[in-house]
Trainee: 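Can you keep this structure in mind? I'll have questions shortly.
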Amino acid sequence: MATQAHSLSYAGCNFLRQRLVLSTLSGRPVKIRKIRARDDNPGLRDFEASFIRLLDKITNGSRIEINQTGTTLYYQPGLLYGGSLEHDCSVLRGIGYYLEGLLCLAPFMKHPLKIVLRGVTNDQVDPSVDVLKATALPLLKQFGIDGESFELKIVRRGMPPGGGGEVIFSCPVKKALKPIQLTDPGKIKRIRGMAYSVRVSPQMANRIVDSARSVLNKFIPDIYIYTDHMKGISSGKSPGFGLSLVAETTNGTFLSAELASNPQGQGAAVLPEDLGRNCARLLLEEIYRGGCVDSTNQSLALLLMTLGQQDVSKVLLGPLSPYTIEFLRHLKSFFQIMFKIETKSCGEELKGGDKVLMTCVGIGFSNLSKTLK
Amino acid sequence: MESKDQKKHRKKHSGPKAEKKKKRHLQDLQLGDEEDARKRNPKAFAVQSAVRMARSFHRTQDLKTKKHHIPVVDRTPLEPPPIVVVVMGPPKVGKSTLIQCLIRNFTRQKLTEIRGPVTIVSGKKRRLTIIECGCDINMMIDLAKVADLVLMLIDASFGFEMETFEFLNICQVHGFPKIMGVLTHLDSFKHNKQLKKTKKRLKHRFWTEVYPGAKLFYLSGMVHGEYQNQEIHNLGRFITVMKFRPLTWQTSHPYILADRMEDLTNPEDIRTNIKCDRKVSLYGYLRGAHLKNKSQIHMPGVGDFAVSDVSFLPDPCALPEQQKKRCLNEKEKLVYAPLSGVGGVLYDKDAVYVDLGGSHGFQEEGGRTSELVQSLISTHSTIDAKMASSRVTLFSDSKPLESEEIDNQGLWMPKEEKQVDVKTGRVRRKAVFGDKEDESGDSDDEDDEMSESDRSENGSSDNETEEEKADTEMTKYMTIKGVKRQKLEQEEESEVDLPAFADSDDDLEKSSGEEEEAEEADESSEEDSSAEGERDVLESKAVGEGGKARLLPANHWNDHLTKEKSSPVKKAALTTSDSGHCTAEEAFASEDASEESSLLSSEEEDSENGGVIREKLTKPLQLSSGQKLKSENLIDETSDIEDLLKEEDDYKEENNYSIETSGALKWKEDLSRKAAEAFLRQQQATPNLRKLIYGAVTQDNEEEDEDTQEELGGLFRVSQPDRGCKHKADSLDCSKFLVEAPHDWDLEEVMNSIKDCFVTGKWEEDKDAAKILADDEELYGDFEDLETGDVHKGKPSLDTQVEDTEEEVKEENDPNTEENAKKKHLDKKRKLKEMFDAEYDEGESTYFDDLKGEMQKQAQLNRAEFEDQDDEARVQYEGFRPGMYVRIEIENVPCEFVLNFDPHYPVILGGLGNSEGNVGYVQMRLKKHRWYKKILKSRDPIIFSVGWRRFQTIPLYYIEDHNGRQRLLKYTPQHMHCGASFWGPITPQGTGFLAIQSVSDTMPDFRIAATGVVLDLDKSIKIVKKLKLTGFPYKIFKNTSFIKGMFNSALEVAKFEGAVIRTVSGIRGQIKKALRAPEGAFRASFEDKLLMSDIVFMRTWYPVSVPAFYNPVTSLLKPVGEKDTWSGMRTTGQLRLAHGIKLKPSKDSLYKPILRQKKHFNSLHIPKALQKALPFKNKPKTQAKAGKVPKDRMRPAVIREPHERKILALLDALSTVHSQKMKKAKEQRHLHNKEHVKMKQKEEEEKLKRQKDLRKKLFRIQGQKERRNQKSSLKGAEQLK
């Protein structure tokens, strides 16, 4: 009897997305216990439930069991199905939270995914949709996931706590991924950005732009920061503003940083000048960290390397984030894959901190959902 | 080899050489120009028609591209696994003989009985695994999946047999390996012509099956029960030079053809329950793709398993080392076939004894073979031995604990002795090591030809001795400073309840030291004694220092260090020896060690160990602080970055401390500092990061916690405060990497630190535009302007020459510049080559070429990436690579596998990809095999062979309609593809499969029922079958009718509101609404008025479900000799046949005689008005009815008188008589007439006859007369005159 692959068991709600996504890709059931078991408000939160619901929507034949208190979750993955879908994300987390999961799964569906996500497009916790659009999509393209239907469109902006944003994400289906060799990040040739403001004075965006430029101009002259002021229905339900910056290198690497204003009624008001300056500094920090993939997308790059053909893939990263480190452990337990990790110090060159060269051999993953015609 | 008269030279008639010669010949005759037709007759080769030209161009292009295959990355390993040669054929065709002959041909060894695969070295770069395939279809299927080359034996005296064709079809489905036909029994032909004919016939049939031109070998006859040497030699040659193309399934999955199996189950378990699940280890060459540890595998014929452990072993049948020779030495021609017991290879539970003696195994090349033997022995030590040699690292940087240290002393593993009992000397030596250290001391330290494994053993035992010696010294010291020590001990004992601190060379072992003190004092060798002397001095110093207890173990540690220094090689050997069987954490320890297999490394390790020891020592003094440290250490297993940093800090502190304290020992202090520095360096480097990430992976550490939590009163538990990791477990799930310590970006130096990240910064040497330009200038300095004819000189060549000479001078002075120059030179060369390439190709590179180039680059990268790493590390990263000889442990194997093990049957371990172990619905395109006699029925269980598996399942057949609907079929179509869907293991799309009805009985006919390919995988299916619901009108209005009998309730009707319905006569309509009156009736509207006799029906589609039945064929679990009798679920037909149950058909399905009622037509009625309007000719012309006879005209009835009646009677009688008379007379007359006619006829005939005679006579006379006349007329002209 072809037994169901023995399930993996974890405790705690941290890294829930990683576990569920990897479980879906590897086909191994996963059991998560003690989700906020000691908390005053135990069990899964709304946003996690929403993520699970989203997984249920994009798969066929998944089995999800949650106990009465919501502290234990059993997830037996089905096959990725895709198609045209809509999903209302929880406003507790940004759309980025959901989108990150989708980016990992979307290329391996049966039907190309076209999904409308509604919720908070920009917040302070999750990577915003702007940043993902500017960094994650080019990264996926490096792996051969490309096509005219590959896009992420921001229809409406929604800020916390009200939300009301809407994005459309569509991704073609791939059977196998290309291996990558990203060892040279190249040099930053331009910096682009997006200063947005919703339900506040449009002047805010301009003020952000000026302050951000004042910091970045010392390094490179080619800076252009777009201002995006949305009005009416496309401006969501809550006021706010923010900035996301992307540095592009000669070799097609995108490094990003972003900041958003405090949600209405929470914390002190933020001056747009401060926000712009801080965001620019964050970008400089990101550049200091360096690598061919920016820090939020490290795990995505590593996942796609893992899922490649049985070829060697290499990527140069900045210091590994805790999220990535945990992700690497998960990759090991789900796919039995280990990365060769080499530290590369920059030496004489003035290129920021130490880098890490990650090398792995793909597991020869093939899209089991795609129909053969 | 006996060379006869040599072949005569034959002149070449084609090819470049021949052409050249011909040309020269023609030139000699001065006909050179005439030869070239193009030159001679250019008009004939001119373009006549552009269209034709285009066509011919297209055609050539088509042909060219047709030859292309999609390029794939070449993933064949550098040292490929042996090629699997499957020898297949019907019984009694000569398979075993052929294998024997082949083995003898390659190895000059004779195998009497062949069981299982035999691996031989066939050439400098090639090994073969030969395996025989019988006629069991299970075996045929399994072997077709792993075969690289199939030798298909055909009995020429008999012709092809069904097995051959079956095997060919199996091969076709599972990727087509190379197939070579071999005709045997050719000596049974008496006549040469017959032989030739048969050969030709068989060859052509073979070609149609395989491909035209497939190689077919002829083995003409037997000599002394063997095939002819020359023919076998040729066959062998063909095999050794054969090239193979990669097969998709095989290259994408790891697999092993096991050539050895061992049962590792605890004998006690077997004793208590003979049917208990077994733990089994299987050995074999890994083929196909990389195999990861803990992955899922499938054993065809047994089932799915998870690999519990994989380890690689030294190659038992290794290729010869690289040497420039043409052929192999005798000693390099190895055979490896443990199942056949080749060359005295014996195998018992956990050890293999190889005896290659007899021929030439030992005397020429002791080192090599002994290495083989030793490695085999060392790797297959018993579990207990493994346990003994295994080490546990409790701290991330503490010395690994060995089991002896934990266990009570003097518990020597009996298993090791078990390994001893082999006759060969080498093995015996090993056994000696197992005993005690005295022999190791005197004999083996100087032994030069000691093999690695020996060394490792030796090393380990040495280590033990050292440690024990150290212990003795400790105890010695204890006698001196007993009281102090006692105190220390007590303090330490107070901490014993923390098991994590049971350190390596600590008081746990002390008791053992005490016991053996006396012996060991005597046994110390000369070297040791000298070292000891030193130590003694130190000790005394230490004592003199004034009873600082903590210094003593430091000393002890230093001793240890010196020892280590003296035997670094041993240490290294030790670290590599336990490689094969280590858990993940151990692997790290051993890897670290192996990576730094140098003196420095060992020092480092020691420094680590020492650090811990010292840390312990600080405790008595600053107990509280020590405790804190420890708790920190405990936490550090949670492995966070900060923790690690903290740990490092701790470590630094400790180091400082140690330096302070042991100030007296200057040279050693220096050493330790060095070691510490190196250690720190190492800490910053990679293994550390790797350790940080992978080292302490705790999947679910909560479980243990739960166990340890003690219960209070059975119901409540002690609530422990959350630890760090628990806190982490529920923290925010966010991928953002927040900046913890932001730089101050206003500072100049901070800003400068990323200056080079921008295009405005400094560029690297090889990318700086200015530099490149300069280089190019230098390279391409001189060029000729073709248009003007000017020649530009880059730089005066004199200058460069001068420079060169200068450089040369410099070079001599400075090695650095020499390197530079070399580099420069290489660069120059490379650039020139690039230029040449570009010029030569000139944009010729097509898409295909580019793709191929890319693949090649990738392949090179794949090869180069892990090349420099040792296998231990490589295995971690890329998995076990194909070509390795691996040992796989599998647990929970059914006991029948071991009990009924038959070496003749292949045991295959097929690796499964991700989620290939799961089950779901599989859709496939299927076609009944054209040679299979029956058609297949839906829901009949059938056996599929897909991927690695063979299993029985219940498929549904369907066909896809033009609108994408999948309609259920009862039976497969005869000559057409259809779809099939079953519930079973998920297999990647594009995988071929075949179906057979049964694997047990040998049917006379072709057994393969269907073939096809997997199309889709899903967790649900959408096959439907047609369902027609009928109803009858019971009330008809104009276009509306009330219909009943279609549904049972109003609810059902409601569900179908708006559905399209139709009458049999074709009137379309729609369901409108349910009616109340008869339950289930409804109102419907039609496009025309119905009749009461109409039947209304609705066509619906009913989804069907596939039975979730998946039953793997477990043929290997059957008893020996019955392995081909597996039978699974039977079809209903078979069951009915077996139980004699006749099918009761439903009455409706029976054929009945058709009874047709006579049709009654009513008469045609034309209305009067119409009749009147008709013209006369069309008016119905019915006779006017005879009018009634009026009463007055009616005649009255006559009533006769009796008298009259009498008269009438008389008259009647008279008339009867008369008429009778008349009748008679008439008859007579008739007769008379007849006679008369006859007579007349006679007369006539006579008359005619007479006339005829008369005429005859007349004519004769006339003729005679005429003749006479003629005669006379011919000559009678004169007469007439």
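Computation of the quantities below employed the complete heavy-atom set of this structure, encompassing side-chain atoms and omitting hydrogens, waters and symmetry-equivalent molecules.
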Trainee: Could you tell me which portion of E326(A) (side chain, backbone, both or neither) has an atom closer than 4.5 angstrom to a non-hydrogen atom of chain B?
Mentor: side chain
Trainee: Measuring centre to centre across the rings, with the benzene-like ring taken for any Trp, is Y877(B) within less than 6.0 Å of F339(A)?
Mentor: no
Trainee: Is it the side chain or the backbone of T371(A) that comes within 4.5 Å of chain B heavy atoms, both, or neither?
Mentor: both
Trainee: Give, as side chain, backbone, both or neither, the part of F335(A) having an atom under 4.5 angstrom from any heavy atom of chain B.
Mentor: both
Trainee: Are F365(A) and F108(A), when compared by the centres of their aromatic rings, separated by less than 6.0 Å?
Mentor: yes
Trainee: Does the pair R281(A)/D746(B) count as a salt bridge with the N-to-O cut at 4.0 Å?
Mentor: yes
Trainee: Does R289(A) count as lying over the ring of F737(B), i.e. NZ or CZ under 6.0 Å from the six-ring centre, within 45 degrees of the axis?
Mentor: yes
Trainee: Under the salt bridge (charged side-chain N to carboxylate O under 4.0 Å, His left out) rule, collect the residues that match up with E285(A), sequence neighbours excluded.
Mentor: none
Trainee: Select one option (side chain, backbone, both, neither) describing which atoms of A37(A) are under 4.5 Å from chain B's heavy atoms.
Mentor: backbone
Trainee: Chain B: which of K370(A), E100(A), R190(A) shares the most heavy-atom pairs with it under 4.5 Å?
Mentor: K370(A)
Trainee: Can you tell which part of E48(A) gets under 4.5 Å to a heavy atom of chain B, answering side chain, backbone, both or neither?
Mentor: neither
Trainee: By a 4.5 Å heavy-atom criterion (distance strictly below it), what part of D222(A) contacts chain B: side chain, backbone, both, or neither?
Mentor: neither
Trainee: Less than 4.5 Å to any heavy atom of chain B: does that hold for the side chain of Y97(A), its backbone, both, or neither?
Mentor: side chain
Trainee: Please list, chain by chain and in numerical order, all residues satisfying side-chain contact (heavy atoms from CB on, under 4.5 Å) with L92(A), sequence neighbours excluded.
Mentor: D46(A), F47(A), S90(A)
Trainee: Go through V356(A), I35(A), L328(A) and name the one with the most non-hydrogen pairs under 4.5 angstrom from chain B.
Mentor: L328(A)
Trainee: Measure from the ring center of F880(B) to the ring center of H290(B) and say whether it is less than 6.0 Å.
Mentor: no
Trainee: Do the side-chain N and O atoms of S62(A) and Y81(A) include a donor-acceptor pair separated by under 3.5 angstrom?
Mentor: no
Trainee: With a 4.5 angstrom heavy-atom cut-off, could you sort out which part of D184(A) is near chain B: side chain, backbone, both or neither?
Mentor: side chain
Trainee: Quick check for you: among G364(A), C360(A), S299(A), P179(A), which has the greatest number of heavy-atom pairs under 4.5 Å with chain B?
Mentor: P179(A)
Trainee: Select one option (side chain, backbone, both, neither) describing which atoms of L300(A) are under 4.5 Å from chain B's heavy atoms.
Mentor: neither
Trainee: For the residue pair S1020(B) / N60(A), report whether a side-chain donor-acceptor contact shorter than 3.5 Å exists.
Mentor: yes
Trainee: Please state whether the side chain, the backbone, both or neither of P221(A) comes within less than 4.5 Å of a heavy atom of chain B.
Mentor: side chain
Trainee: Sort E248(A) into side chain, backbone, both or neither according to what part of it lies under 4.5 angstrom from a heavy atom of chain B.
Mentor: neither
